[in-house]
Enquirer: 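Starting off with a structure, shown below.
Values in this document were obtained by computation on a predicted structure and should not be read as measured data. Scope of the values below: all heavy atoms of this structure, side chains included, with no hydrogens, waters or symmetry mates.
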Amino acid sequence: MTSPILLAMPVTPRLRSRLDALYEVHGPLTPVTPEAVPESARGARALITLGGHRTDGAMMDALPELGLIACYGTGFEGVDLEAAAARGIMVTHAKDANATSVAEFAMGLVIAASRDMGKGERLVRAGDWASRRIDRMPLVPGLAGRRIGIYGLGAIGMKVATRAAAFEMEVGYHGRAAREGVGFAYHPTLLGLAAWCDVLVVAVRANAETRHAVGREVLAALGKDGVLVNVARGLVVDEAALIEALEGGVIAAAGLDVFEHEPEVPERLRALPNAVLTPHMAAFTLSAQRAQAQVMLDALAAFFAGERPGNVVPAVG
């Protein structure tokens with residue numbers, strides 16, 4: 001008898017094949033709600049989901065045999081950790097599996113937003129490159145010698161920091177506490193970091209404490225020449241305040257891979273020429289996806305062997 005598991009979302013054919021060989025696989029759910037759980041899947045012992053999906057007490061109650069919630073990515077903000085703990089359900093995530101891919105994508109957004117790459121591409125595609133005059137595009141400061149502030153110096157933030165240093169940028173960061181053995185300047189407040197830096201990269205974990213942490217006050221502190229990059233979660237940034245800041249010249253530009261109500265992106269934001277927008281694709285590399293899949297498979301194997309997986313979310317452990 002194979003153990004039953006439920007997929008909250010679609011997975012790649014390669015991963016589905018590996019799961020089918022090991023478990024009795026149900027799903028994916030459409031939509032991801034308790035009501036969508038079929039009767040045949042109510043005995044599932046493990047739920048594979050994404051951090052952005054709502055996994056609350058009602059979903060857990062719809063799966064009375066559930067013992068493991070395995071978040072495929074690094075995030076777990078949609079999981080009610082208290083409800084899981086109360087029911088004895090372990091929650092796992094991909095930890096640092098995609099950190100390299102997300103960090104390099106973050107630097108891509110830093111470059112694209114700071115150097116007006118989106119504007120340049122649109123100019124060429126529209127056939128508006130009428131001359132080779134030096135004033136065909138506005139001059140920008142560049143990156144060397146500028147200050148980059150990283151909000152959240154975890155695995156991703158640290159990799160962004162080292163890459164930014166290679167671009168000859170001065171690096172500072174803010175988090176809950178200063179990290180020992182880190183050679184970058186620590187700023188006790190996010191507001192202070194924003195006032196100090198030219199480019200602010202959001203790499204912090206999303207939770208109730210960080211929701212809308214980057215709001216009007218922080219954006220005003222970043223200033224009219226400042227650039228905001230977000231590769232964390234959309235809810236960390238007050239999207240309405242950001243749109244106003246970009247429209248009104250409060251900041252210069254933004255590079256966003258995540259949004260507050262994905263996959264919906266406000267029309268006002270999509271219309272802005274000073275925003276580089278991508279569809280939550282920072283972790284879309286072969287190496288990152290294979291690493292995330294393996295971490296999840298290892299967690300399932302440990303769980304069904306009666307062992308504690310190595311990637312249990314600490315708050316539940």
Side-chain angles (χ1 to χ4, degrees), residues 1-98 205-208 211 233 235 261-263 280 283 288-317:
M1 291 283 295
T2 54
S3 301
I5 67 173
L6 174 62
L7 298 176
M9 77 294 181
V11 296
T12 64
R14 182 175 184 269
L15 179 54
R16 179 66 190 241
S17 178
R18 295 178 72 181
L19 290 170
D20 283 336
L22 297 168
Y23 307 106
E24 176 191 321
V25 184
H26 299 267
L29 294 180
T30 305
V32 185
T33 63
E35 295 75 20
V37 176
E39 188 65 32
S40 61
R42 283 180 55 80
R45 296 278 294 122
L47 173 69
I48 298 172
T49 188
L50 294 172
H53 287 324
R54 184 176 182 180
T55 309
D56 56 10
M59 177 63 83
M60 298 173 204
D61 290 342
L63 299 164
E65 302 300 318
L66 194 64
L68 175 70
I69 297 170
C71 295
Y72 176 74
T74 61
F76 47 85
E77 69 278 9
V79 180
D80 186 333
L81 298 180
E82 291 185 5
R87 292 163 174 77
I89 300 170
M90 287 187 290
V91 180
T92 62
H93 68 135
K95 296 184 72 173
D96 306 336
N98 65 17
R205 188 167 297 285
N207 53 40
R211 183 180 185 276
R233 286 293 189 268
L235 66 84
H261 303 289
E262 295 179 9
H280 203 148
Q289 294 302 305
R290 287 175 178 172
Q292 288 180 198
Q294 191 59 56
V295 169
M296 185 198 67
L297 288 167
D298 291 346
L300 288 170
F303 170 72
F304 284 112
E307 303 169 358
R308 181 181 175 85
N311 56 329
V312 173
V313 174
V316 178

Enquirer: Just by distance, do the side chain of Arg18 and the backbone of Arg14 share a donor-acceptor pair under 3.5 Å?
Expert: no
Enquirer: Taking Arg42 for the side chain and Ala62 for the main chain, is one N or O donor matched with an acceptor at less than 3.5 Å?
Expert: yes
Enquirer: At their closest point, which heavy atom of Pro309 faces which heavy atom of Ala299, and how far apart are they?
Expert: CG-O, 3.6 Å
Enquirer: Distance from Glu24 atom CD to Leu6 atom CG, nearest 0.5 Å?
Expert: 11.0 Å
Enquirer: Any non-hydrogen side-chain atom of His280 less than 4.5 Å from a side-chain atom of Arg233?
Expert: yes
Enquirer: Give me the atom names and distance for the closest heavy-atom approach of Ala283 to Ala288.
Expert: O-CB, 3.5 Å
Enquirer: Please tell me if the side chains of Asn98 and Gln289 come closer than 4.5 Å, counting only heavy atoms from C-beta onward.
Expert: no
Enquirer: Taking side chain as C-beta onward, heavy atoms only, is Arg45 less than 4.5 Å from Tyr23?
Expert: no
Enquirer: Considering only heavy atoms from C-beta outward, does the side chain of Arg16 approach that of Leu7 to under 4.5 Å?
Expert: yes
Enquirer: With side-chain contact (heavy atoms from CB on, under 4.5 Å) as the criterion, how do Cys71 and Thr49 come out once you've worked through the C-alpha distance, each side chain's angles and the decisive distance to 0.1 Å?
Expert: CA-CA 5 Å; Cys71 295; Thr49 188; 4.2 Å; yes
Enquirer: Can you give me the closest heavy-atom contact between Val79 and Met60, atom names plus distance?
Expert: CG1-CE, 4.4 Å
Enquirer: For residues Tyr72 and Leu15, determine if any side-chain heavy atom of one lies less than 4.5 Å from a side-chain heavy atom of the other.
Expert: yes
Enquirer: Quick one: does any side-chain atom of Arg54 pair with a main-chain N or O of Thr33 as donor and acceptor, under 3.5 Å?
Expert: no
Enquirer: List the atom of Pro64, the atom of Asp61, and the distance in Å for their closest heavy-atom pair.
Expert: CD-O, 3.8 Å
Enquirer: Using the side-chain contact (heavy atoms from CB on, under 4.5 Å) rule, take Met59 and Leu66 through it: C-alpha gap first, then chi angles, then the decisive distance, then the call.
Expert: CA-CA 10 Å; Met59 177 63 83; Leu66 194 64; over 6 Å; no
Enquirer: Atom CG of Asn311 and atom OG1 of Thr92: how far apart are they, to the nearest 0.5 Å?
Expert: 4.5 Å
Enquirer: Show your reasoning for whether side-chain contact (heavy atoms from CB on, under 4.5 Å) applies to Thr12 and Arg290.
Expert: CA-CA 10 Å; Thr12 64; Arg290 287 175 178 172; over 6 Å; no
Enquirer: CG of Leu297 to CD of Gln292: how many Å apart, nearest 0.5 Å?
Expert: 12.0 Å
Enquirer: Mark yes or no for whether Arg205, through its side chain, and Thr74, through its backbone, hold a donor-acceptor pair below 3.5 Å.
Expert: yes
Enquirer: Work out which heavy atom in Leu29 is nearest to a heavy atom in Ala36; give both atom names and the distance.
Expert: CD2-O, 3.6 Å
Enquirer: Measure the spacing between NE2 of His53 and CD of Glu77 and express it to the nearest 0.5 Å.
Expert: 10.5 Å
Enquirer: Compare all side-chain heavy atoms of Leu19 with those of Leu300 and state whether any distance is below 4.5 angstrom.
Expert: yes
Enquirer: Please walk me through it: do Ile5 and Phe304 pass side-chain contact (heavy atoms from CB on, under 4.5 Å)?
Expert: CA-CA 11 Å; Ile5 67 173; Phe304 284 112; 3.8 Å; yes
Enquirer: Which heavy-atom pair separates Gly43 from Pro4 by the least distance, and what is that distance?
Expert: O-CG, 3.3 Å
